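Per chain, numbering begins at 1; letters A, B, ... match sequence-line order. Everything numeric in this text was worked out from a predicted model, so none of it was measured.
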There are 2 protein chains.
Amino acid sequence: MKDHYRAHKKVLLAVDCIIFGFDQDNLKILLIKRDFEPEKGKWSLMGGFLRPDETLDDAASRILQKLTGLHDIYLDQLRSFSQPERDPVDRTVSTAYYALINIEEHNEELTKKHSAEWFNVQDIPPLIFDHDEMIRQAIKRLRYKASVEPIGFELLPEKFTMRQLQKLYEAILGQKLDKRNFIKKILSQDVLIKLDEKDMTSSKKGSFLYKFDAEKYDRFKI
Amino acid sequence: MKDHYRAHKKVLLAVDCIIFGFDQDNLKILLIKRDFEPEKGKWSLMGGFLRPDETLDDAASRILQKLTGLHDIYLDQLRSFSQPERDPVDRTVSTAYYALINIEEHNEELTKKHSAEWFNVQDIPPLIFDHDEMIRQAIKRLRYKASVEPIGFELLPEKFTMRQLQKLYEAILGQKLDKRNFIKKILSQDVLIKLDEKDMTSSKKGSFLYKFDAEKYDRFKI
DNA sequence: TCAAAAGTGTTCACCGTACACCCATGG
DNA sequence: CCATGGGTGTACGGTGAACACTTTTGA
């Protein structure tokens, strides 16, 4: 009977997005200046509340699009955070998602409107609530994923050099990699297509561009 | 300002527990006969609603204890399920947890009271809502965990034989293992203490009992 | 003495890691 | 012609997987 349901207290359900980007050198996270109380003016993850007619995944997509203008973005649920006092205004449980986006493609007008800025992952300012813990866990998850499956092409332009890809992995894993071993490993995963074009901006010799093979890439996403 | 919060609709937040046990042969899940509408009388995961003063982890512990009488149990958050129509009565988002318990230790009176029964994982009856999907994901997670870290001692009695442990891994992974390779791998993880006692019930020769080294085990739980 | 489970080692293939030199080119 | 970044191969150790026989002892 419905009384069983009515006896229980409802809560606000929020979604917060850890948005990763890569600027050819550093792994970055997009943060906003919160424009409402509490903690107005402090740095925060982009978030929002769940609407009646959408799933948490939908909400995360919507929130991401609101800030970046992008859709069809890599998004993965991290976990739900539920300390009773995590939001001082009202009991709010938040489900964290992390997203990987191409830092070149986001809509700058939108991010300006939200006073959003990119921060290096090693250099995150103090954040509201438990957002720093969310970021810690997202980085951990991202590192884990990078070590077991090809990931992160979402963070690069469509065509990229081996060196860019290696730098991305180095930024995610937080350590230098040997270029010969890196190339061997990536090529063995068989998800790259070598193009005939070269990128001539990085050196006199030029370096071959690759793109990733979406079909083969999908085999890893089980 | 608080108006920002008030504008949003609250939802019911539930917790559902996938409770794993092991009966020396098969990996099992504890299910209950649901005693309230909707779907009264159907099989279901044990669940409950989040209370105002507790975290989701707390709620999962409480729900687990209500059914089994056990506390201090291995519990891990799986993910949150949020299809708008998943519960036909009212919008309810559910966070799934999985638990590992020693099947010998649960309180039979309590489980009888809830009309709970153990089912082999290969043999789960039709369940309400999206509970079958929750179970699918929990098994997947458990398999993954078993392949990368020592896990599952929670499912065994304090003292156990190598053969019992191997059977447990076989049940989790759903495949036969070579006993020599299994022993080599487990011993290399250095989390077992070999006892002087033998279990004489399984064979004439008897087989040595082991217990696990909680301290060394903890090193794996990062 | 035999049936039933316990216990034990070796070989091989593969993978990750360490490591150093030549190439092509624009300036 | 040289400085700069691009590109390539090999040797080694460790790990996972395959595989079969001996031991013990109660019935």
S.K.: How long is the line joining CD1 of I183(B) and C1' of dG16(D), in whole Å?
M.R.: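 My rounded result for the distance is 16 Å.
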
S.K.: Would you say R180(A) places a side-chain N or O within less than 4.0 Å of OP1 or OP2 belonging to dG7(D)?
M.R.: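 No, no such contact exists.
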
S.K.: Starting at atom CD of Q175(B), determine the distance to atom P of dG16(D), rounded to an integer number of angstrom.
M.R.: 14 Å

S.K.: Both G206(A) and N181(A) contact DNA chain D. Which one's nearest nucleotide lies toward the 5' end?
M.R.: G206(A)

S.K.: With a sphere of 6.0 Å drawn around CD of Q122(B), does it hold more than 12 non-hydrogen atoms of other residues, nucleotides or ligands?
M.R.: yes

S.K.: Between which nucleotides of DNA chain C, read 5' to 3', does contact with chain B run, using atoms under 4.0 Å from its heavy atoms?
M.R.: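 Nucleotide range with atoms under 4.0 Å of chain B: dA5(C) to dT10(C).
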
S.K.: Heavy-atom count check: over 12 atoms from other residues, nucleotides or ligands less than 6.0 Å from K198(B) NZ?
M.R.: yes

S.K.: Is K184(A) side chain donor-acceptor paired with the dT10(D) base, going by distance under 3.5 Å alone?
M.R.: yes

S.K.: dG6(D) C1' sits how many Å from I186(A) CD1, rounded?
M.R.: 17 Å

S.K.: Is it the case that D57(B) and T55(B) place a side-chain donor and acceptor less than 3.5 Å from each other?
M.R.: no

S.K.: Spell out yes or no: do the side chain of K204(A) and the base of dT4(D) have one donor N/O and one acceptor N/O closer than 3.5 Å?
M.R.: no

S.K.: I'd like to know whether the aromatic ring centres of Y210(B) and F160(B) sit less than 6.0 Å apart in this structure.
M.R.: no

S.K.: With DNA chain C as reference, determine whether D178(A) or M200(A) sits nearer its 5' end, using the nearest nucleotide of each.
M.R.: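 Whichever sits nearer the 5' end wins; that is D178(A).
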
S.K.: Do D16(B) and S94(B) pair up side chain to side chain, a donor and an acceptor below 3.5 Å, judged on atom types alone?
M.R.: yes

S.K.: When you look at NZ of K167(A), are more than 12 heavy atoms from neighbouring residues, nucleotides or ligands closer to it than 6.0 Å?
M.R.: no

S.K.: I need the NZ-P distance between K179(B) and dA18(D), as an integer number of Å.
M.R.: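 Roughly 16 Å, once rounded to whole Å.
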
S.K.: Write down the distance between CG (L177(B)) and C1' (dA18(D)), rounded to a whole number of angstrom.
M.R.: 13 Å

S.K.: Please determine if E109(B) and K112(B) form a salt bridge, counting it only when a charged side-chain N lies under 4.0 Å from a carboxylate O.
M.R.: no

S.K.: Whole angstroms only, please: what is the CD-C1' distance between Q166(A) and dG6(D)?
M.R.: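 These atoms are roughly 11 Å apart.
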
S.K.: With sugar-phosphate meaning primed atoms plus P, OP1 and OP2, does K185(B) contact a base, only sugar-phosphate, or nothing at under 4.0 Å between heavy atoms?
M.R.: nothing

S.K.: Taking atom C1' of dT8(D) as reference, at what distance in whole Å does atom CZ of F182(A) sit?
M.R.: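 For the pair F182(A) CZ and dT8(D) C1', the rounded distance is 16 Å.
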
